[in-house]
Student: 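So that we are looking at the same thing, I have put the structure below in structure tokens.
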Amino acid sequence: LAVGELLPAVVLAPPKPAGHDTPRSGRGSRSTPPSTVSTRLSRVQAAALSSGTALPRGALLWGVLKSVEEYGAVLSLGGGHTGFLHKKHWAGLAGGSEGKP
């Protein structure tokens, strides 16, 4: 992980009430108590993945690059679901170029 990196996360538990071992911010003052979160792909996307066997059209999902094939890339979407990203769509991705996702 890197400071400033964007991570998908889902809240697992709400924050504890103030005064219960609340971490302090870098300036020494009390900050908002943190929630317990998970970055596990199947938990982050649970709402979309629980809609049945087919993923809904237009669903916004995070994916992990599983493999690069001749015509595109296979993505793991969590919950046993996979997706295919055709190489013609790579050009719009940050750092993407012809032949590489």
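Everything quoted here is computed from the prediction, not taken from an experiment.
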Student: Between atom CG of Leu12 and atom CZ of Arg43, what is the distance when rounded to the nearest 0.5 Å?
Tutor: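 Here the interatomic distance stands at 5.0 Å.
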
Student: Can you tell me how far the NZ atom of Lys87 sits from the CD atom of Glu70, to the nearest 0.5 Å?
Tutor: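 Lys87 atom NZ to Glu70 atom CD measures 7.0 Å (nearest 0.5 Å).
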
Student: From Thr82 OG1 over to Leu75 CG, what is the distance, rounded to the nearest 0.5 angstrom?
Tutor: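 Nearest 0.5 Å value for the OG1-CG distance: 8.5 Å.
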
Student: Is it true that Val10 and Trp62 fall in one hydrophobic cluster, defined by side-chain heavy atoms closer than 4.5 Å?
Tutor: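 Yes.
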
Student: Grouping I, L, V, M, F, W and Y whenever their side-chain heavy atoms are under 4.5 Å apart, do Val64 and Val44 come out in a common cluster?
Tutor: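 Yes, one cluster joins them.
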
Student: Taking Leu77's backbone N and O only, do any of them form a donor-acceptor pair with Gln45's side chain (distance below 3.5 Å, no angle check)?
Tutor: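 Confirmed, Gln45 side chain pairs with Leu77 backbone.
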
Student: Is it the case that one hydrophobic cluster holds both Leu85 and Val68, taking links as side-chain heavy atoms less than 4.5 Å apart, direct or via other members?
Tutor: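 Yes, because Leu85 and Val68 connect within a single hydrophobic cluster, where side-chain heavy atoms sit under 4.5 Å apart.
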
Student: Please give me the minimum heavy-atom distance between Pro8 and Thr39, naming the atom from each residue.
Tutor: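 It is O-CG2, 3.3 Å.
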
Student: Taking all non-hydrogen atoms of both residues into account, name the closest pair between Ser35 and Pro15 and its distance.
Tutor: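 The answer is OG-CD, 3.2 Å.
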
Student: Where is the tightest heavy-atom contact between Arg40 and Ser38, given as atom of each residue plus distance?
Tutor: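 Minimum heavy-atom separation between Arg40 and Ser38: N-OG, 3.1 Å.
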
